[in-house]
Structures are given as C-alpha cells and as structure tokens.
**Q** 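My structure is below; once you've seen it, I'll send some questions.
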Amino acid sequence: MNVRVQEQDFDISAEITAMRSGNPKIGAIASFVGVVRDVNDGDSVATMTLEHYPGMTEKSIAAIIEQARGRWEVLDALVVHRVGTLKPTDQIVLVIVASTHRGDAFAACEFIMDYLKTQAPFWKKELTPQGGRWVDARVTDDKAAQRWEK
Amino acid sequence: MNVRVQEQDFDISAEITAMRSGNPKIGAIASFVGVVRDVNDGDSVATMTLEHYPGMTEKSIAAIIEQARGRWEVLDALVVHRVGTLKPTDQIVLVIVASTHRGDAFAACEFIMDYLKTQAPFWKKELTPQGGRWVDARVTDDKAAQRWEK
Amino acid sequence: MITLLYFARLRESLGTGREELALPAAVKNLGALRVYLAQRGEAWAVEMAAGRNLRAAVNQTVATADTAVTDGDEVAFFPPVTGG
Amino acid sequence: MITLLYFARLRESLGTGREELALPAAVKNLGALRVYLAQRGEAWAVEMAAGRNLRAAVNQTVATADTAVTDGDEVAFFPPVTGG
C-alpha cells in the first residue's frame with residue numbers, strides 16, 4: 001500500500017509491473033488515470049494548478065485505502081497524485097488496485113477515486129481566457145461518494 | 001476503438017499515452033489488466049496456454065465495445081488479449097476505456113471485461129503437477145455478466 | 001459443403017480442429033447437426049451428447065439448436081469460454 | 001498558541017497561508033474560532049461567514065463546529081476539495 005504526492009509525471013506500466021512481480025496471487029489489476037481536459041464548464045483551459053495540504057493529504061488517502069481494504073480483498077494498492085502546474089492531456093492522478101478477482105479490484109479502485117474527489121485535500125485552479133479561477137466542487141462527486149455509504 | 005489478439009506482451013503506458021494524446025476531451029481513463037496466477041482451484045500452475053477462434057474473437061469483442069458505446073459515453077476503447085503460452089505473473093488481457101468522466105469509464109471497462117469472460121471465444125489450458133487441464137467456466141463469471149442485463 | 005471447427009477440449013478429444021462436410025439433406029439446423037455428429041460414436045457420442053455443456057457458432061455468431069445451417073456455412077463447436 | 005493554515009481560495013483572499021495565534025480563552029471549539037476570525041473584518045468576515053461553504057480540519061483530521069480546539073493544535077480552513 002503506497003501513497004505519493006509529487007510534481008513529476010508517473011508511469012503506469014512501471015507501477016503495475018512492480019506490483020505484479022511482487023505477488024503471484026494477483027490475478028486482476030484495476031486502474032484509473034485522471035487527465036487534464038482542455039475545456040471545463042464551457043471555457044478553454046490553458047493550465048491547471050494543483051495545491052494540497054501536505055501531511056493531511058497522505059494521511060487521508062492512506063485512511064481511504066484502509067477503508068477499501070476493509071470492504072474488499074485488496075492485495076496491493078497505489079495512489080499517485082500530482083501537484084503543481086499541468087496542461088491539457090497531462091496525467092493528474094493514478095489509482096491502482098490489485099486483487100485476486102476483478103470484481104474486488106474494480107470496486108475498490110472506483111471507491112478510492114470517489115473518495116479522493118470528495119475528501120482528499122487537493123484544490124484545482126484553472127487558467128482560462130477570463131483569467132485564473134478556483135474550480136468549484138461538483139455535486140455529482142459528492143453523490144458518487146455517497147453511493148458507498150450504506 | 002481497437003481490438004488486438006496477439007502473442008506478444010503489451011505496454012499499458014504506451015497505449016494510454018497514445019489514447020490521451022489523440023483526444024483532449026479525455027478526462028478519465030479506466031483500465032484493467034488480467035494476470036496469470038500461480039494457483040487455481042488449489043493447484044499450482046506452471047504455465048497457461050490460451051487458444052482462441054480467429055475471426056470470431058475480434059468480431060465478438062468489437063460487438064461488445066459497440067454495446068458499451070451504446071450505454072455509456074466512450075471516447076475511446078482498446079482491448080488487447082494475448083494467446084499462446086504464458087506463465088504466472090504474465091499479463092493476459094488489457095482493457096482501456098477513455099471518457100469525459102470517471103463513472104462512464106469505470107462502468108464501460110468493467111462491462112467489457114465481464115463480457116470478455118463469458119462471450120469472447122478464448123479457452124485456457126493450465127499445466128499443473130497433475131498434468132494439463134482445461135479451465136472450467138466459472139458460474140461467478142456468468143453472474144457478473146448477467147448483472148448488466150436489465 | 002460446410003466447414004466444421006472444434007476448439008479447446010473438443011479439438012483434443014475429437015482429434016481434429018477442422019473438417020469439411022457434405023451437409024446431409026435431413027440436417028437443417030444446428031440441433032440436427034449435433035445429433036448427426038453424435039452418431040459417429042466414441043468421443044463424438046460423448047462430446048455431442050444432449051446433456052453436454054456445449055456452445056456453438058454459425059458464421060462466427062453465437063447460435064442455438066434451432067439456428068439454420070446451410071451449404072457454405074462455417075460452424076464451430078466449443079466448450080464454454082474461459083478467457084480474460 | 002495554535003497554528004492556523006488557509007488553502008486555495010481562502011489563502012488568496014485572506015492574503016496568508018499560515019499564522020500562529022494565541023488562542024483566546026473563550027474559544028473552545030472550531031465554531032467559536034470561526035466566529036472569532038470573522039470579527040477581523042473585510043475578507044475575514046466574507047470567508048468565515050456562517051453561510052459560507054467552508055471545510056476545516058483539526059490536526060489533519062476533518063472537523064466540525066463542535067470539534068474541540070486546544071493549545072498546540074494545527075487548524076486548517078479550506079474550500080470544498082476538488083482533486084482527482
């Protein structure tokens with residue numbers, strides 16, 4: 001189980017290779033990559049700057065992974081979240097979950113992403129032709145996270 | 001939309017990079033990698049040989065992707081399935097789905113995997129200490145696929 | 001003539017992966033073809049038996065017992081799939 | 001003393017990301033701290049207003065108005081998160 005917050009890009013192949021070479025029980029690896037889009041709320045986005053709360057970020061993501069481990073069979077998990085200034089088509093976030101079977105891998109991966117969106121202390125500021133603006137939290141993200149609370 | 005059946009390994013980073021560089025609307029990429037496990041049904045597995053039905057394989061997978069496109073917003077999708085002889089920790093199958101938002105990417109990716117398991121004409125033969133044996137279809141896989149039929 | 005294909009366990013136990021067959025006049029659909037092949041005896045009787053969990057495709061599309069089979073078709077028999 | 005941290009929109013509009021504060025004797029919890037900070041006027045009144053959609057953490061754990069605040073704590077105020 002591993003959490004990293006970093007400015008540099010990540011390589012999903014290298015991460016998956018490391019994970020499966022370490023555990024021959026792994027049969028299923030679900031992953032998610034978030035990417036900067038060139039348009040948001042109708043405006044073109046030139047750059048996106050991510051700020052976070054060092055310390056709390058790593059702590060809250062580790063807690064989210066622990067919750068996932070309590071619900072599903074998780075053999076290994078990795079979260080990498082980038083901070084700093086990114087541009088459209090850049091990778092922002094990577095979540096990888098390895099399990100014996102695919103159902104657990106998919107569910108735990110989506111669960112971690114939904115909570116990352118609603119609980120981990122990251123904030124995005126977009127640069128558009130109208131200037132810089134902080135991205136508003138989405139109601140749809142809160143709804144996605146609430147699906148798991150039952 | 002792309003389907004490949006091949007003996008050689010695949011590189012998920014290269015595939016994701018190609019996908020997101022081609023479309024700046026992509027915000028979410030869900031993917032799945034299936035891996036050969038060293039134990040199945042209680043026996044250790046030395047090698048796994050995959051056979052398929054050339055022609056029908058590609059056709060049925062393309063049909064599955066089309067079904068996914070009819071249900072969710074799919075900006076791009078890729079399925080790579082290996083055939084031939086593999087060993088534990090080797091990659092077997094890759095599914096990547098790109099969308100604007102993560103909910104659609106996750107759902108379409110899991111849908112395609114569930115159908116790959118139950119409809120695409122691939123067969124696995126394991127070599128164990130007791131000799132070679134064809135893997136039996138799993139009832140759990142049929143159930144996973146049936147979830148989508150409603 | 002039709003082309004018959006056998007995969008995986010069937011290919012091994014029947015000892016062939018492919019054959020060309022002159023379609024008997026009485027065989028109009030997949031169910032009748034299966035009964036016809038079962039009459040070859042031995043492994044054929046076992047693999048094509050009514051109770052056997054067998055799947056089939058006609059021209060690379062999943063088919064059932066009442067799917068029509070006509071001259072020129074490609075017909076495949078195989079066990080339930082186990083890919084992914 | 002407590003450490004106060006402000007992030008994102010708050011950091012910009014308050015003009016600071018971090019300060020040390022001698023905790024007033026009357027401030028026992030997060031809700032009271034927010035009221036106290038709102039009394040600084042201007043941007044503070046706006047950002048800390050009761051109706052403002054504001055989140056907070058005490059010692060790096062999400063907190064609510066009745067979460068206790070004591071000497072030595074690290075308290076953070078920030079807008080709803082937008083990562084991922």
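First the proteins, then the strands, lettered A, B, ... as listed; each starts at 1.
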**Q** In terms of heavy-atom pairs under 4.5 Å with chain C, which of V135(B), V95(B), L116(B), I92(B) leads?
**A** V135(B)
**Q** Using only distance (under 3.5 Å, no hydrogens or angles), which donor-acceptor pairs connect chain C and chain B?
**A**
unit_1	atom_1	unit_2	atom_2	d
E51(B)	OE1	R11(C)	NE	3.4
E51(B)	OE1	R11(C)	NH2	2.4
E51(B)	OE2	A8(C)	N	2.7
E51(B)	OE2	R11(C)	NE	3.1
Y53(B)	OH	E74(C)	OE2	2.5
M56(B)	N	Q60(C)	OE1	3.2
K59(B)	NZ	N59(C)	O	3.1
H81(B)	NE2	G84(C)	N	2.9
K117(B)	NZ	G84(C)	O	3.2
F122(B)	O	T82(C)	N	2.8
F122(B)	O	G83(C)	N	3.4
W123(B)	NE1	P79(C)	O	2.9
K124(B)	N	T82(C)	OG1	3.0
K124(B)	NZ	G84(C)	O	3.0
K125(B)	NZ	E12(C)	OE1	3.0
K125(B)	NZ	E12(C)	OE2	2.5
W134(B)	NE1	E12(C)	OE1	2.9

**Q** With only heavy atoms counted, which part of A57(C) is less than 4.5 Å from chain B, the side chain, the backbone, both or neither?
**A** side chain
**Q** If we define contacts as heavy-atom pairs under 4.5 Å, which of P79(C), A76(C), P80(C) has the most with chain B?
**A** P79(C)
